[in-house]
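First the structure, in the form of C-alpha cells, and then the observations on it.
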Amino acid sequence: MVTGDQRRARGGSQINLLRPGRGVSLPNFMKLWSQYFIPTLKESPSDAEIASHKLLVRAGLVRKLGGGLYTYMPLGLRVMQKITQICREEIERGGGIELEMPHLHPVENWQQGPRWAAAREIMFRADSAGDGKRGPREPEYVLGPTHEEVVTPLVKQEITSYRDLPKNFFQIATKFRNEIRPRFGLMRAREFVMMDAYSFDATDDGAIKSYQAMKAAYEAFFRRIGAQAIAVEADTGVMGGSFSHEFMVPAEIGDDDVIYNEESGYAANREKATSALVPADLKDSEPAGALEEFATPGVVTIAALEAAPYSVVADKQFKTLVYVGDGKPFLVILRGCDELEEAKLGSLGFTLFRAATADEIEPVLGAKPGSLGAVKGTIKNPSALAGIYADGAIRLIGNGTTGANKDGFHLRNVNVTRDLAVTKFGDFRRVRPGEPDIKSGRPLQVRRGIEVGHIFKLGTKYSEKFGAMYTDDQKQSHLMVMGCYGIGISRTMQAVIEQSHDNDGIVWPWNVAPFHVLICVLDPLVAEAMDLAKKIAVAAEKAGADVLIDDRAERPGVKFKDADLIGIPLRLTIGSKGMKDGIVELKWRSSKDVAKVPLAEIEARVAALVTEKQASA
RNA sequence: CGGGGUGUAGCUUAGCCUGGUAGAGCGCCUGGUUUGGGACCAGGAGGUCGUAGGUUCGAAUCCUAUCGCCCCGACCA
C-alpha cells in the first residue's frame, strides 16, 4: 500500500493532491527561498504599462519569450495550478467530466465546421518544421484555438442514445490564437491556458439546465479564487448560438464596456446592451408635410448639416450606412446622433460582414457617402440590396432629414413609415450611459471590465454540421443541443493581480497564493532561528498551508520588500529582537497591523489561523 | 492591418538634435565594514549600440531598408 505522503514524496499525481473540503494545496514540503527560484526585480520592465503586468514580471511569476508568449516561472506556475485545481473542482461539481483533447487539429475538422471562414484568421497553421514548407501530400494541421470542432465529432462517434445524455466534457489546456495584437502580458496572449467545457443535451430545456449549472459553477469558481467577477449578458460573436453571458472582472484596463444598473441588476456588454430609450408604446408620427429636396453643396457629415444655414439637429437626421454581408450590400439606418454598434449586426444572420467601400456604394445608391438615404424611389439599384435594416430609435425622429442619393442634395420631411423602405427594424445602436434601464427605467452606467469567462448556449449549430444525433425512446433521431463554456485561466491570474494589489506589490487571496505562509528569518545563520522557522513551518503544513521560508543572506529591508512584492498572505518574522523578547511577529499582507506572538504559542496560533483559512476556502 | 512610439551590458537607462570611436544606476564576482523596510567602501567582469546596406577620413548618432517590441483602433478567454 502506498500512502499519500509517499505518493507526494515521489512527485505524486495531481489527483492525489486533492484534499476534499480543505481548499487547494500543492505538493507541500516547505520551500527554502535560497534554494528555490523567485527572481524579483526592483524596477518594472520597460514593456509593461499596467500594474498587473509589471507585478507579474517583478514578482518573478512570468518571463516573456516573445509577443504574447510567456514562461510561467515557478511561483507563477504554482498560482496557475491552484486556479486550475479550483476550476476543476467547481466544473466537476457542476457536472463536468474532464478529458484532454489534442492541441494539433487536422484542418479538415475546421473546414467541416460552421465557422472556418471566420476562425481561420486567428489560427496558427502547423507545418512540418523541416524546411518550412508543407508538401502538397502532407496532412495539414492547425493549433487549436478552442475545441468545438474536435469534441462534437467525438461525441457524434461515442454517443447515440438519449440514455447517455446529458454529458458535459471539459479540459484545462493550452490554447493558441494568433491575436492580431497581444496586449498587457497575459491579458491577451497568443498562447494561453483555458478551461473549455462543452455540454450536450437531448432537449433545449436540458441545454438551459446545463447552461445554468455552468453559470453557477463559474460563480462558485470566481468566489473561491477571490475574484469579483460579475455575469453580464453578452454577444455571441463568431461562436454563434442563442444567448450567452460573460464574466467580467471590473478594471479600468479592461477591453470591454459593461453597461449596468446597480439597483435593477441589469448588466450587459456594450455590444449587447439595450435601453428603454424607445418606449414600447411609441406611436409613429404623422407626416409633417410633403417630401422636399434641397441643395446641400459640399455637406457630407452630420455635423455640417447641423450647422447654419441648414441647422438640422443630429437627433432629426437619418444616418444611412452601407455594409456588405456575404458579398451583398445592405443598409443600416440610425439616428444622426447615434453610433452603430457593429456587433449587433450579427443578429442579421450574415456569416461575414464589413463596411462597404465608397466604390461599392455609388453604383447601388447613386451617390457618394454623405448624401445617402433610404427613401423609397431614390435608391438607384434597390434590387442589389440584401436588405434595409433600421434601428428602432429612428421612429423617435418621425419627420426628419436624410440624403437624397444625389450628390449635394438632401430630403426633408422624411417620415419613417411613409417614406422609408425598411426591411426590418432592430436594435443596432450603441447604448449610452444615462439612458433608461429596460428593467427599472433608472439611468444606465458604464464601466470597464476584463472578460475572464464566457458561457454560450449554442443550440444545434455544431451538432448539425457534424451530425451529432441521438435516438430517443420513440426511436426518433434528434440533433443534440450544445453549450460551450470558457474560462481564461492565465488571464484570470492576471485579473486577480489587477484587482488585488497595492503600491508595494501583489496581495494574493488565500486560495490562489503561491504560498500561504512566508517565514522571514532575518538571521538565517542563527541555528535557533532556523530551527524555530522549521517548527512553525511544520505546524503550518500540518494545518494545510504551503510554506516558504526566506532564509536568504539578505538584509531585512530586502526581505520585507520582496515579501510585499510577492504578496504571500501571512508573514511571520523571526529576528534577533523578537527572539530576545521571546516573540515572533505575525502580519497579514492585507493589513498594516503586526501582532507579537509569544514563542510558546506561535505554532498553535499559526496552525489555528491556517486551519480557519483553509476551512473557509 | 492602419496610426503613434521604441530598440544601447542580465534589468532600468544617458548619449543621438549639432558625427570624433560608449557612460551611469541596479544586478553579478572578490575583499572589507554593516545588519528590522531595497546599506556602504574598494576592486572587477560584462556592450556585434536590433539587423543589413549607404553617406563620410570617421557613424550609437545622418540616410534607406528590414526585423523585434510597446501603445491606440477592429477581434477574443
Side-chain angles (χ1 to χ4, degrees), chain A residues 39-50 53-54 57-58 60 63-69 87 118-119 121-123 145-147 172-197 218 229 234-239 244 246-249 253-256 269 271 342-343 346 353-355 449-456 484-495 504-505 520-526 552-565 571 573-580 585 587 592 594:
Chain A
T40 59
L41 299 174
K42 276 192 200 176
E43 288 173 294
S44 294
S46 57
D47 57 10
E49 296 235 333
I50 65 168
H53 185 191
K54 289 177 182 172
V57 180
R58 285 192 57 210
R63 285 293 185 263
K64 183 168 76 175
L65 172 64
L69 300 171
C87 185
E121 302 295 324
I122 60 148
M123 285 195 281
T146 166
H147 282 70
I172 299 173
T174 302
K175 296 284 179 281
F176 302 87
R177 293 187 190 173
N178 192 10
E179 293 291 346
I180 306 161
R181 187 158 89 83
R183 249 160 72 94
F184 296 151
L186 302 179
M187 289 300 293
R188 195 193 300 166
R190 291 202 163 97
E191 187 183 318
F192 60 98
V193 176
M194 179 164 107
M195 186 294 298
D196 48 323
Y218 273 44
D235 185 67
T236 53
V238 71
M239 196 66 78
S244 91
E246 285 171 348
F247 282 76
M248 295 282 195
V249 169
I253 55 95
D255 276 348
D256 297 88
N269 190 303
E271 294 183 347
E342 222 172 69
F353 58 85
R354 58 171 173 83
I450 302 166
E451 183 188 344
V452 286
H454 205 155
I455 56 180
F456 299 87
C484 72
Y485 317 90
I487 291 176
I489 300 288
S490 42
R491 178 183 284 181
T492 295
M493 170 162 78
Q494 187 169 351
D504 296 316
C520 285
V521 183
L522 300 187
D523 308 293
L525 294 178
V526 176
R552 294 174 300 167
E554 291 287 351
R555 295 165 58 87
V558 173
K559 296 192 177 204
F560 293 141
K561 286 288 183 190
D562 273 346
D564 288 344
L565 181 59
R571 187 184 88 192
T573 306
I574 299 173
S576 51
K577 278 186 185 173
M579 293 284 274
K580 213 180 296 168
E585 288 167 37
K587 178 182 174 299
K592 293 281 170 220
V594 177

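Convention: sequence-line order gives letters A, B, ...; per-chain numbering from 1.
Of the C1' atoms belonging to U21(B) and G5(B), the separation is 29 Å, rounded to the nearest Å.
U30(B) is paired with A42(B) under the criterion used here, namely a Watson-Crick or G-U wobble arrangement in which both key atom distances are under 3.5 Å.
Looking at Asp196(A), Val193(A), Ile489(A) one by one, the single match for side chain to side chain contact (heavy atoms under 4.5 Å, CB included) with Lys175(A) turns out to be Asp196(A).
Interface remark: the Glu554(A) side chain does not form any donor-acceptor pair with the G38(B) base, using a distance-only criterion of under 3.5 Å. Interface remark: the Asn178(A) side chain does not form any donor-acceptor pair with the C76(B) base, using a distance-only criterion of under 3.5 Å.
Proximity of Lys42(A) to the phosphate of G27(B): a side-chain N or O atom is located under 4.0 Å from OP1 or OP2. Within the structure, every side-chain polar atom (N or O) of Arg58(A) is placed at least 4.0 Å from both OP1 and OP2 of C11(B). For the pair Arg177(A) and C76(B), the criterion of a side-chain N or O lying under 4.0 Å from OP1 or OP2 is not met. Dashed line: the shortest gap from a side-chain N or O of Arg181(A) to OP1 or OP2 of C72(B) is under 4.0 Å. Look at Lys64(A) and you'll find a side-chain N or O under 4.0 angstrom from OP1 or OP2 of C70(B).
Per the geometry, NE2 belonging to His454(A) stands 13 Å off C1' belonging to C75(B), to the nearest Å. The CZ-P distance, from Arg555(A) to G37(B), rounds to 8 Å in whole Å. We find that CG of Asp47(A) is positioned 6 Å from P of C70(B), with the value rounded to whole Å. Between Asp255(A) atom CG and C75(B) atom C1' the separation is 9 Å, expressed in whole Å. Across the protein-nucleic acid pair, Arg190(A) atom CZ and C70(B) atom C1' stand 13 Å apart, rounded to whole Å. Straight-line distance from the CZ atom of Phe192(A) to the C1' atom of C75(B): 12 Å, rounded to whole Å.
When each of His53(A) and Ile489(A) is assigned the nucleotide of RNA chain B with its nearest heavy atom, His53(A) is the one assigned upstream, toward the 5' end. Remark on RNA chain B: of its neighbouring residues Gly486(A) and Ala48(A), the 5'-side contact belongs to Ala48(A), judged by nearest-heavy-atom nucleotide.
In this structure, Val558(A) reaches the bases: a heavy-atom distance under 4.0 Å links it to at least one base atom across the strands shown. Within 4.0 Å (heavy atoms only), Glu49(A) reaches sugar-phosphate atoms of the nucleic acid but no base atom. As judged by a 4.0 angstrom heavy-atom cut-off over every strand, Glu121(A) is placed among residues making no nucleic acid contact. Asp256(A) comes within 4.0 angstrom of a nucleotide base, judged by non-hydrogen atoms across all strands. Among the atoms of the strands shown, base atoms are found under 4.0 Å from some heavy atom of Asp562(A). Gly575(A) comes within 4.0 angstrom of a base, heavy atoms only.
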